[in-house]
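Because the structure is predicted, anything quoted here is derived from the model rather than measured.
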Amino acid sequence: MDLNKEIKKLEAVHLEKPQKVFTMYLNTDPSDPDQQGGEWKIHLKNGLNNFESYLQEDGDSDEKRNYWAVKEKVEQFIEENEQNFAKSVVLFATGDETVWFAERFQMPVKTEFYWEETPVLDQLKEMQNKFPKTGIILTQKNQIKLIDAELGTLNDTQLFELDLDTEDWRQHQGPHRAQPSMGSGGAKTSKRDQFQERFEANRYRWYKSVAPKIDKLAKDYGWERFYLVGDKEELKDLQDNMNKEADDMINKNLLDHEEMHVLEEVVQ
């Protein structure tokens with residue numbers, strides 16, 4: 001999802017009665033002390049019913065019909081997706097379906113509902129400012145992993161592995177559990193030492209060869225912010241050969257960690 005594009009589309013929405021746009025920010029964060037018993041369900045029910053009561057009194061039957069159409073779609077979306085909720089749901093909708101934006105996010109929001117001529121975008125923009133399109137590059141000797149994320153949500157992962165025989169970097173897309181750099185516990189120490197020596201001697205050249213591929217991916221993903229994570233010597237060699245400047249370099253070995261854990265550790 002290109003959020004910049006979605007926000008621009010939503011900014012252009014200006015409706016007139018009986019058409020209005022429904023805005024919903026719903027806090028579904030299970031780690032929130034106020035959400036321990038799934039209180040969001042009560043907040044959602046109350047939020048939807050409040051508008052219905054108001055429209056009953058208002059008496060505009062066309063607007064009422066539009067709202068009912070929206071309410072039905074919202075309830076259907078919730079029912080189909082509630083097993084996969086993270087920290088929040090952000091939704092914008094119109095009765096005629098010209099506007100429909102419904103996303104689950106890994107970022108918290110304050111629960112709010114609106115039924116107005118325009119979508120209320122302040123919280124969505126605030127989320128985007130806090131966590132724009134972001135890249136994390138993790139290094140661990142002959143393996144380099146890229147994580148593409150936005151609004152606390154993981155979009156994609158890529159893993160580069162150096163084939164020591166051909167000295168080519170092989171690229172794997174999608175979730176890919178990184179292998180230990182050198183064999184398991186049974187590997188002979190001398191073999192590990194040999195690899196270590198060879199890696200240190202060739203590291204700069206090997207990282208120089210993969211840097212353009214990483215730069216291209218950073219551009220394709222449209223990263224507005226990116227972080228380098230790993231051994232500081234490795235990070236320096238990679239950064240020296242990249243066009244894009246990292247926002248921060250973090251001296252930690254997180255390549256084998258689960259991607260969402262890495263996001264929380266590095267960005268939030």
Just how far is it from atom [atom1] of [X] to atom [atom2] of [Y], taken to the nearest 0.5 Å?
{"X": "H257", "Y": "I147", "atom1": "NE2", "atom2": "CD1", "answer": "11.0 Å"}
{"X": "K208", "Y": "L238", "atom1": "NZ", "atom2": "CG", "answer": "13.0 Å"}
{"X": "L154", "Y": "E258", "atom1": "CG", "atom2": "CD", "answer": "8.0 Å"}
{"X": "I144", "Y": "F160", "atom1": "CD1", "atom2": "CZ", "answer": "8.0 Å"}
{"X": "M127", "Y": "M107", "atom1": "CE", "atom2": "CE", "answer": "5.5 Å"}
{"X": "Q239", "Y": "I137", "atom1": "CD", "atom2": "CD1", "answer": "8.5 Å"}

Within the distance-only criterion (no hydrogens, no angle test), does the side chain of [X] pair as donor or acceptor with the backbone N or O of [Y] below 3.5 angstrom?
{"X": "E234", "Y": "K141", "result": "yes"}
{"X": "T98", "Y": "D96", "result": "no"}
{"X": "T28", "Y": "S88", "result": "yes"}
{"X": "Q158", "Y": "K145", "result": "no"}
{"X": "T94", "Y": "V99", "result": "yes"}
{"X": "N66", "Y": "P18", "result": "yes"}
{"X": "D247", "Y": "F226", "result": "yes"}

Least distance between heavy atoms, [X] atom then [Y] atom:
{"X": "A86", "Y": "P30", "result": "O-CD, 3.5 Å"}
{"X": "L255", "Y": "T139", "result": "CD1-C, 4.2 Å"}
{"X": "F113", "Y": "M24", "result": "CE2-CG, 3.5 Å"}
{"X": "G95", "Y": "A69", "result": "O-CB, 3.9 Å"}
{"X": "A149", "Y": "L263", "result": "CB-CD2, 3.6 Å"}

| task | Might you work through the side-chain contact (heavy atoms from CB on, under 4.5 Å) test for I78 and L26, ending with a clear yes or no? | result | CA-CA 11 Å; I78 297 291; L26 187 64; 4.3 Å; yes
| Cationic tip of K73 above W100 ring, under 6.0 Å, 45° of axis | yes
If Ile, Leu, Val, Met, Phe, Trp and Tyr residues are connected whenever their side-chain heavy atoms lie under 4.5 Å apart, and connections chain through other members, are [X] and [Y] in the same group?
{"X": "W223", "Y": "M249", "value": "yes"}
{"X": "Y204", "Y": "L235", "value": "no"}
{"X": "F199", "Y": "V210", "value": "yes"}
{"X": "W115", "Y": "L121", "value": "no"}
{"X": "V267", "Y": "I250", "value": "yes"}

| message | Checking V89 against F77 for the side-chain contact (heavy atoms from CB on, under 4.5 Å) test, could you report, in this order, the C-alpha distance in whole Å, the side-chain angles of both residues, the deciding distance, and whether it holds? | response | CA-CA 10 Å; V89 177; F77 175 81; 3.9 Å; yes
| note | Checking D156, N155, D148 against Y221 for side chain to side chain donor-acceptor pair (under 3.5 Å), the one that qualifies is D156
| remark: Only residue of E150, Q128, K9, K133 satisfying side chain to side chain donor-acceptor pair (under 3.5 Å) with N4 is Q128
Quick check: do [X] and [Y] have side-chain heavy atoms less than 4.5 Å from each other?
{"X": "N202", "Y": "R205", "answer": "yes"}
{"X": "K20", "Y": "E117", "answer": "yes"}
{"X": "V262", "Y": "V229", "answer": "no"}
{"X": "V109", "Y": "T111", "answer": "no"}
{"X": "F131", "Y": "T134", "answer": "yes"}
{"X": "K87", "Y": "F105", "answer": "no"}
{"X": "N142", "Y": "W206", "answer": "no"}
{"X": "H261", "Y": "E265", "answer": "yes"}

| request: Look at the rings of F92 and Y25 and say which category their plane angle falls in: under 30° parallel, 30 to 60° tilted, over 60° perpendicular. | output: perpendicular
| Which class fits the ring pair F22 and Y67: parallel under 30°, tilted 30 to 60°, perpendicular over 60°? | perpendicular
| task | Tell me, please, which residues at least two apart from F85 pass ring-ring contact (aromatic ring centres under 6.0 Å, His included). | result | W40
| request: Would you please name every residue forming a salt bridge (Lys or Arg N to Asp or Glu O under 4.0 Å) with K17, sequence neighbours left out? | output: D58, E63
Counting only heavy atoms from other residues, nucleotides and ligands, does the tally under 6.0 Å from [atom1] of [X] exceed 12?
{"X": "E167", "atom1": "CD", "result": "yes"}
{"X": "E16", "atom1": "CD", "result": "no"}
{"X": "K236", "atom1": "NZ", "result": "no"}

State plainly whether the residues [X] and [Y] are in salt-bridge range, i.e. N to O under 4.0 Å.
{"X": "R104", "Y": "E82", "value": "no"}
{"X": "K219", "Y": "D215", "value": "no"}
{"X": "K71", "Y": "E52", "value": "yes"}
{"X": "K125", "Y": "E11", "value": "yes"}

Are [X] and [Y] linked by a side-chain donor-acceptor pair shorter than 3.5 Å?
{"X": "Q76", "Y": "E80", "value": "yes"}
{"X": "D231", "Y": "N251", "value": "no"}
{"X": "E112", "Y": "Y114", "value": "yes"}

| request: Any chance you could lay out the side chain to side chain donor-acceptor pair (under 3.5 Å) test for W169 and S209, step after step, and finish with the verdict? | output: CA-CA 8 Å; W169 289 92; S209 72; 3.2 Å; yes
| Of D163, L162, L164, which is the lone residue that meets side chain to side chain contact (heavy atoms under 4.5 Å, CB included) with T166? | D163
| W68 and L55: CA distance, side-chain angles, deciding distance, side-chain contact (heavy atoms from CB on, under 4.5 Å) verdict | CA-CA 10 Å; W68 283 339; L55 288 168; over 6 Å; no
| query | What do the steps show when you test F101 against L91 for side-chain contact (heavy atoms from CB on, under 4.5 Å), and what is the final call? | reply | CA-CA 5 Å; F101 173 101; L91 189 149; 5.9 Å; no
